[in-house]
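Notes follow once the structure below has been shown.
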2 protein chains.
Amino acid sequence: MDLKSTPARDAILCFLKSSKSPVDVEQIIEYLRSNNLNTNKVTVYRNIERLYKDGEVERLEFGEGKFRYELKKNHHHHLICTGCGKIEEVEGDFLNKMEEEIYRTGGFKVKNHVLEFYGLCRKCQIKN
Amino acid sequence: MDLKSTPARDAILCFLKSSKSPVDVEQIIEYLRSNNLNTNKVTVYRNIERLYKDGEVERLEFGEGKFRYELKKNHHHHLICTGCGKIEEVEGDFLNKMEEEIYRTGGFKVKNHVLEFYGLCRKCQIKN
DNA sequence: TGACAAATGCAACTAAGTTGCATATAATTC
DNA sequence: GAATTATATGCAACTTAGTTGCATTTGTCA
């Protein structure tokens with residue numbers, strides 16, 4: 001027997017699908033509450049952990065001292081606006097060359113990487 | 001009156017100088033204890049926070065659910081071995097082009113980025 | 001419909017980091 | 001070298017993020 005379909009798990013996946021930027025556990029709980037699913041935080045932690053380990057969601061850090069999650073999809077990076085906190089996505093992988101060189105020069109075999117950009121979105125540039 | 005030179009702060013800086021990879025608060029406290037500086041964790045948190053805000057140290061995350069710190073120096077990235085946990089440094093900034101393109105195509109002005117590589121160091125590749 | 005693994009809820013816990021407040025200590029000035 | 005004062009420290013208590021143990025419930029499958 002494998003992954004079961006339960007109201008909590010379904011709702012979490014549904015929320016992740018509808019979210020435009022990575023969400024934290026608190027946001028998931030809020031979503032469940034607002035949909036009248038009285039869920040315990042432990043359930044959320046266990047579900048998200050399971051989804052993460054099964055490779056269905058991505059676990060991210062943005063210097064907040066907590067994790068954020070998003071559905072796994074095409075490889076991409078994030079643009080985090082330090083003005084308004086908005087998180088956008090950017091595609092593109094410029095790092096193949098760099099990873100090849102790392103292997104060539106030092107023998108370290110890169111399996112994956114974390115690359116996030118911090119700066120100001122267009123709106124926040126205008127504000128200042 | 002600005003930053004004071006105190007035994008705790010001096011020792012923390014000394015430890016950071018001698019560390020070859022980013023350290024966490026626990027390691028700093030251990031270091032202080034082993035040097036007979038009976039220090040409170042609050043002191044360590046406040047000192048490291050101050051050093052971080054003053055731009056003297058870098059605050060890093062490696063998916064551990066806590067922060068690590070290192071003295072600020074030349075811009076570089078890290079190679080984190082998921083086998084043994086060893087953290088090496090790599091220099092080089094391949095991202096200028098990418099950041100220019102991000103600005104050109106979407107107007108997002110990148111101020112800084114986080115780029116870390118996860119994989120296997122030479123030794124751990126052999127082990128498996 | 002019974003069986004059983006998987007999921008949940010609760011309470012209690014850990015780990016990382018923070019806050020308030022009283023005390024101590026560098027550094028500056030006289 | 002003592003007085004001053006901003007800065008730093010220590011303690012206790014707290015918060016926030018995440019975990020664990022255990023008893024109960026719920027999907028799923030045969």
Side-chain angles (χ1 to χ4, degrees), chain A residues 1-16 19 21-70 85 87 114, chain B residues 1-16 19 21-70 85 87 114:
Chain A
M1 208 175 288
D2 215 46
L3 211 67
K4 287 203 297 197
S5 161
T6 65
R9 178 161 301 155
D10 295 349
I12 291 170
L13 278 168
C14 172
F15 181 50
L16 288 169
S19 300
S21 34
V23 301
D24 61 25
V25 168
E26 206 186 338
Q27 289 173 306
I28 297 174
I29 291 170
E30 270 167 36
Y31 173 83
L32 295 172
R33 291 250 163 81
S34 72
N35 282 53
N36 299 316
L37 262 158
N38 67 324
T39 316
N40 192 282
K41 65 171 181 164
V42 182
T43 300
V44 177
Y45 275 109
R46 283 198 272 231
N47 269 296
I48 204 79
E49 181 73 14
R50 180 73 200 266
L51 292 166
Y52 169 61
K53 287 202 170 143
D54 289 355
E56 287 201 64
V57 307
E58 206 82 55
R59 164 181 276 168
L60 307 158
E61 281 173 312
F62 298 108
E64 303 168 299
K66 69 182 169 189
F67 293 107
R68 286 184 176 272
Y69 302 88
E70 68 179 9
I87 300 175
V114 169
Chain B
M1 208 176 288
D2 214 46
L3 212 67
K4 288 203 297 196
S5 162
T6 65
R9 178 161 302 155
D10 295 350
I12 291 170
L13 278 167
C14 172
F15 181 50
L16 289 169
S19 300
S21 35
V23 300
D24 60 26
V25 168
E26 206 187 337
Q27 290 173 304
I28 297 173
I29 290 170
E30 270 167 36
Y31 173 83
L32 295 172
R33 291 250 163 80
S34 71
N35 282 53
N36 299 316
L37 262 159
N38 68 322
T39 316
N40 193 281
K41 65 170 183 167
V42 182
T43 300
V44 176
Y45 275 109
R46 283 198 271 230
N47 269 296
I48 205 78
E49 181 74 13
R50 180 73 201 267
L51 291 166
Y52 168 62
K53 286 201 169 141
D54 289 354
E56 287 200 63
V57 307
E58 206 82 56
R59 165 182 275 169
L60 307 158
E61 281 174 313
F62 298 108
E64 303 168 299
K66 69 182 169 190
F67 293 107
R68 286 183 176 271
Y69 302 87
E70 67 179 10
I87 301 174
V114 169

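So that the names make sense, note that chain A is the first sequence line, chain B the second, and so on, each numbered from 1. As a basis for the values below, the full set of heavy atoms in this structure was taken, side chains included, without hydrogen atoms, waters or symmetry mates.
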request  = Could you tell me which residues satisfy salt bridge (Lys or Arg N to Asp or Glu O under 4.0 Å) with D54(B), sequence neighbours excluded, listed by chain and number?
outcome  = R50(B)

task = Go through dG27(D), dT9(D), dT20(D) for me and flag the one nearest to the V42(A) side chain.
result = dT20(D)

inquiry  = What's the closest nucleotide to the side chain of T43(A) if the choices are dA6(C), dG9(C), dA8(D)?
reply    = dG9(C)

message = To the nearest 0.5 Å, what is the distance between CG on N47(B) and CG on L3(B)?
response = 8.0 Å

query = Pick the nucleotide of DNA chain C nearest each of R59(B) and S5(A); which residue has the one closer to the 5' end?
reply = S5(A)

Between the protein and nucleotides 14-17 of chain C, list the N/O to N/O atom pairs that are separated by less than 3.5 angstrom.
residue	atom	partner	partner atom	Å
dG17(C)	OP1	F67(B)	N	3.1
dG17(C)	OP2	Y45(B)	OH	3.0
dG17(C)	N7	K41(B)	NZ	3.3
dG17(C)	O6	K41(B)	NZ	2.6

query = Looking at V57(B) and I48(B), what are the two nearest heavy atoms and their distance?
reply = CG2-O, 4.1 Å

inquiry  = Just the rounded figure in Å: distance from C1' of dG18(D) to CD of E61(B).
reply    = 15 Å

query = To the nearest 10 degrees, how far apart in direction are the end axes of the helix from dT1(C)-dA30(D) to dC30(C)-dG1(D), each fit to five base pairs?
reply = 30°

remark   = To the nearest angstrom, the CG-C1' distance between L3(A) and dT8(C) comes to 14 Å

ask   = At what distance, to the nearest 0.5 angstrom, does CG of L16(B) lie from CG of L51(B)?
value = 7.5 Å

request  = Nearest 0.5 Å please: distance from the CZ atom of F67(B) over to the CD atom of E61(B).
outcome  = 4.5 Å

message = Do R59(B) and E49(B) have side chains that approach each other closer than 4.5 Å (heavy atoms only, starting at C-beta)?
response = yes

Separation of dT7(D) P from L51(B) CG (nearest whole Å) = 15 Å

ask   = Looking at residues at least two apart in the chain, or sitting in another chain, which of them share a ring-ring contact (aromatic ring centres under 6.0 Å, His included) with F62(A)?
value = H78(A)

remark   = Between CG of N38(A) and C1' of dC10(C) the distance, given in whole Å, is 13 Å

Show every donor-acceptor pair shorter than 3.5 Å between a side-chain atom in residues 37-44 of chain A and any protein atom, with sequence neighbours excluded, or say none if there are none.
residue	atom	partner	partner atom	Å
T39(A)	OG1	L37(A)	O	3.0
N40(A)	OD1	V42(A)	N	2.8

message = Nearest whole Å is fine: how far is dT23(C) C1' from K4(B) NZ?
response = 12 Å

ask   = Which pairs pass ring-ring contact (aromatic ring centres under 6.0 Å, His included) with one or both residues in residues 35-56 of chain A, sequence neighbours excluded?
value = none

task = Return the set of residues passing salt bridge (Lys or Arg N to Asp or Glu O under 4.0 Å) with R46(B) (not counting sequence neighbours), or none when no residue passes.
result = none

task = List in numerical order all residues of residues 29-36 of chain B for which some heavy atom is under 4.0 Å away from an atom belonging to DNA chain D.
result = none

ask   = Nearest of dG27(D), dA7(C), dC10(C) to any side-chain atom of N40(A)?
value = dC10(C)

note = Residues passing the salt bridge (Lys or Arg N to Asp or Glu O under 4.0 Å) test with E56(A), sequence neighbours excluded, are none

query = In residues 8-16 of chain A, what residues come within less than 4.0 Å of DNA chain D, judged by heavy atoms?
reply = none

Under 3.5 Å: donor-acceptor pair, side chain of R9(B), backbone of K4(B) = yes

request  = Spell out yes or no: do the side chain of R46(B) and the base of dG10(D) have one donor N/O and one acceptor N/O closer than 3.5 Å?
outcome  = yes

message = Run the side chain to side chain contact (heavy atoms under 4.5 Å, CB included) test against S21(A) and tell me which residues pass, sequence neighbours left out.
response = I87(A)

request  = Check whether any side-chain nitrogen or oxygen of T6(A) sits under 4.0 Å from OP1 or OP2 of dT8(C), and answer yes or no.
outcome  = yes

ask   = Got a sec, which pairs hit side chain to side chain donor-acceptor pair (under 3.5 Å) with one end in residues 23-36 of chain B, sequence neighbours left out?
value = D24(B)-K66(B), Q27(B)-R68(B)

inquiry  = Is N47(A) close enough to dA6(C) that one of its side-chain N or O atoms is under 4.0 Å from OP1 or OP2 there?
reply    = no

request  = Please report, rounded to the nearest Å, how far the P atom of dA6(D) is from the CZ atom of R50(B).
outcome  = 14 Å

note = Between CD1 of I48(A) and P of dG18(D) the distance, given in whole Å, is 11 Å

